[in-house]
Student: 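One structure is given below, represented as structure tokens, and several questions about it will come after.
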Amino acid sequence: MTPELTALALAGLLQVGQIALMSVTANLELPSGKTLGPRDPQKLGGPLIDQVSPRTGRIFRAMNNHFEGLILFTLAVLVVTLGDQSTPLTATCAWIYLAARLAYVPAYAFGWVPWRSLIWLTGLAATTTMLIAALI
């Protein structure tokens with residue numbers, strides 16, 4: 001397996017961890033009737049994201065943000081891997097992406113300004129570099 005695919009697999013496991021973290025924190029704050037039901041906003045008094053603490057809301061948004069970033073990172077890994085363009089640069093970028101996403105969770109959860117944005121930008125830059133490197 002290429003280093004990029006290994007980083008992608010670990011990024012997938014990170015996403016699972018973020019789902020678990022969001023679920024645990026939300027279930028600790030909300031009654032089980034709200035979290036176990038169909039979550040119809042009109043029956044719950046609004047979206048659940050609006051009924052949790054600010055930190056749990058940030059954990060939820062960080063999880064969603066990783067879904068978005070993971071799409072682009074997966075695309076980059078597939079282009080690099082299927083195009084047989086894996087290099088030390090693309091491998092390094094894949095690990096930088098993963099490290100940035102790991103750092104992003106606490107940065108978002110604890111509201112680290114401006115670090116959260118800089119960490120996010122680092123992951124995006126690593127993914128973008130992988131795509132450009134695959135084309136060169």
Side-chain angles (χ1 to χ4, degrees):
M1 183 168 2
T2 66
E4 297 86 357
L5 283 172
T6 301
L8 178 59
L10 292 172
L13 291 174
L14 173 61
Q15 188 66 31
V16 171
Q18 286 186 256
I19 292 167
L21 177 63
M22 185 277 304
S23 296
V24 168
T25 57
N27 278 288
L28 289 172
E29 294 179 20
L30 297 170
S32 61
K34 288 188 176 191
T35 59
L36 295 175
R39 300 183 187 169
D40 298 327
Q42 65 275 17
K43 292 182 182 177
L44 298 174
L48 292 183
I49 186 74
D50 295 337
Q51 299 177 40
V52 295
S53 69
R55 180 164 295 144
T56 297
R58 290 191 297 268
I59 289 169
F60 181 81
R61 290 188 299 278
M63 177 197 70
N64 282 339
N65 183 274
H66 190 212
F67 273 123
E68 295 165 0
L70 195 54
I71 293 168
L72 189 56
F73 179 65
T74 300
L75 175 66
V77 170
L78 288 175
V79 167
V80 166
T81 302
L82 294 177
D84 199 26
Q85 297 295 316
S86 181
T87 65
L89 174 63
T90 60
T92 299
C93 287
W95 293 115
I96 289 171
Y97 170 85
L98 183 60
R101 292 315 307 192
L102 281 166
Y104 188 79
V105 177
Y108 207 143
F110 295 108
W112 298 343
V113 177
W115 306 111
R116 176 189 63 88
S117 296
L118 294 173
I119 292 167
W120 175 86
L121 184 59
T122 300
L124 179 63
T127 301
T128 303
T129 301
M130 289 174 68
L131 287 166
I132 292 169
L135 293 172
I136 297 176

Student: Which residues end up grouped with Val24 if you chain together Ile, Leu, Val, Met, Phe, Trp and Tyr wherever their side-chain heavy atoms are less than 4.5 Å apart?
Tutor: Leu28
Student: Assess, by modelled atom type and distance only, whether the side chains of Thr90 and Gln85 contain a donor and an acceptor separated by less than 3.5 Å.
Tutor: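 No, no side-chain donor-acceptor contact under 3.5 Å.
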Student: Identify the two heavy atoms, one from Val52 and one from Gly57, that lie closest to each other, and give their separation to 0.1 Å.
Tutor: CG2-N, 3.7 Å
Student: For residues Met22 and Val105: do they belong to one hydrophobic cluster (side chain heavy atoms under 4.5 Å, members Ile, Leu, Val, Met, Phe, Trp, Tyr)?
Tutor: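 Met22 and Val105: one cluster.
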Student: For residues 36-95, pull every pair meeting ring pair (Phe, Tyr, Trp, His ring centres under 6.0 Å), keeping only residues two or more places apart or in separate chains.
Tutor: Phe73-Tyr97
Student: Would you please name every residue forming a side-chain hydrogen bond (donor to acceptor under 3.5 Å, both in side chains) with Gln51, sequence neighbours left out?
Tutor: Lys34
Student: Are any side-chain N or O atoms of Glu4 and backbone N or O atoms of Ser86, one a donor and one an acceptor, separated by less than 3.5 Å?
Tutor: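 Not at all, since once roles are kept as given, no pair shorter than 3.5 Å links the two residues.
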Student: Residues in side-chain hydrogen bond (donor to acceptor under 3.5 Å, both in side chains) with Arg61, at least two apart?
Tutor: Tyr108
Student: Using a 6.0 Å cut-off, check whether atom CG of Asp50 has over 12 heavy atoms from anything other than its own residue.
Tutor: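 Correct, the count exceeds 12.
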Student: How does the hydrophobic cluster around Leu89 look, that is, which other residues are in it when side-chain heavy atoms under 4.5 Å mark a link?
Tutor: none
Student: Excluding sequence neighbours, so at least two apart, what forms side-chain hydrogen bond (donor to acceptor under 3.5 Å, both in side chains) with Thr56?
Tutor: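 Partners of Thr56 under the side-chain hydrogen bond (donor to acceptor under 3.5 Å, both in side chains) test: Glu29, Ser53.
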Student: I need the full list of ring pair (Phe, Tyr, Trp, His ring centres under 6.0 Å) pairs touching residues 17-48, with sequence neighbours left out, sorted by first then second residue.
Tutor: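 Found none.
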Student: Rounded to the nearest 0.5 Å, how far apart are CG of Leu121 and CG of Leu118?
Tutor: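 Answer rounded to 0.5 Å: 7.0 Å.
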Student: Identify the two heavy atoms, one from Ile96 and one from Ala126, that lie closest to each other, and give their separation to 0.1 Å.
Tutor: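 Heavy atoms only, the tightest pair is CG2-CB, 3.9 Å.
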Student: Looking at every heavy atom in both Ile119 and Ala107, which two are closest together, and how far apart are they?
Tutor: CD1-CB, 3.7 Å
Student: Between Asn65 and Arg101, does any side-chain donor sit less than 3.5 Å from a side-chain acceptor?
Tutor: yes
Student: Who passes side-chain hydrogen bond (donor to acceptor under 3.5 Å, both in side chains) against Thr6, sequence neighbours left out?
Tutor: none
Student: Compare every heavy atom of Ala103 with every heavy atom of Pro106, then report the nearest pair and how far apart it is.
Tutor: CD-O, 3.3 Å
Student: I'd like to check the side-chain contact (heavy atoms from CB on, under 4.5 Å) partners of Thr74; sequence neighbours left out, ordered by chain and number.
Tutor: Leu8, Leu70, Leu78
Student: Other hydrophobic cluster members with Val113, side-chain heavy atoms of Ile/Leu/Val/Met/Phe/Trp/Tyr under 4.5 Å, chained?
Tutor: none
Student: Taking Leu14 as the starting point, is it possible to reach Ile19 by hopping between hydrophobic residues whose side chains are less than 4.5 Å apart?
Tutor: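 Per the 4.5 Å side-chain linkage, Ile19 and Leu14 are not co-clustered.
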Student: Enumerate the residue pairs fulfilling ring pair (Phe, Tyr, Trp, His ring centres under 6.0 Å) with a member in residues 12-46, sequence neighbours excluded, ordered by first and then second residue.
Tutor: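 Listed once each, the pairs would be none.
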Student: Same cluster or not: are Leu10 and Val16 linked, directly or through other Ile, Leu, Val, Met, Phe, Trp or Tyr residues, by side-chain heavy atoms under 4.5 angstrom apart?
Tutor: no
Student: Could you list the donor-acceptor pairs under 3.5 angstrom formed between side-chain atoms of residues 127-136 and any protein atom two or more places apart in sequence or on another chain?
Tutor:
{"unit_1": "Thr127", "atom_1": "OG1", "unit_2": "Gly123", "atom_2": "O", "d": "3.0"}
{"unit_1": "Thr128", "atom_1": "OG1", "unit_2": "Leu124", "atom_2": "O", "d": "2.8"}
{"unit_1": "Thr129", "atom_1": "OG1", "unit_2": "Ala125", "atom_2": "O", "d": "2.8"}

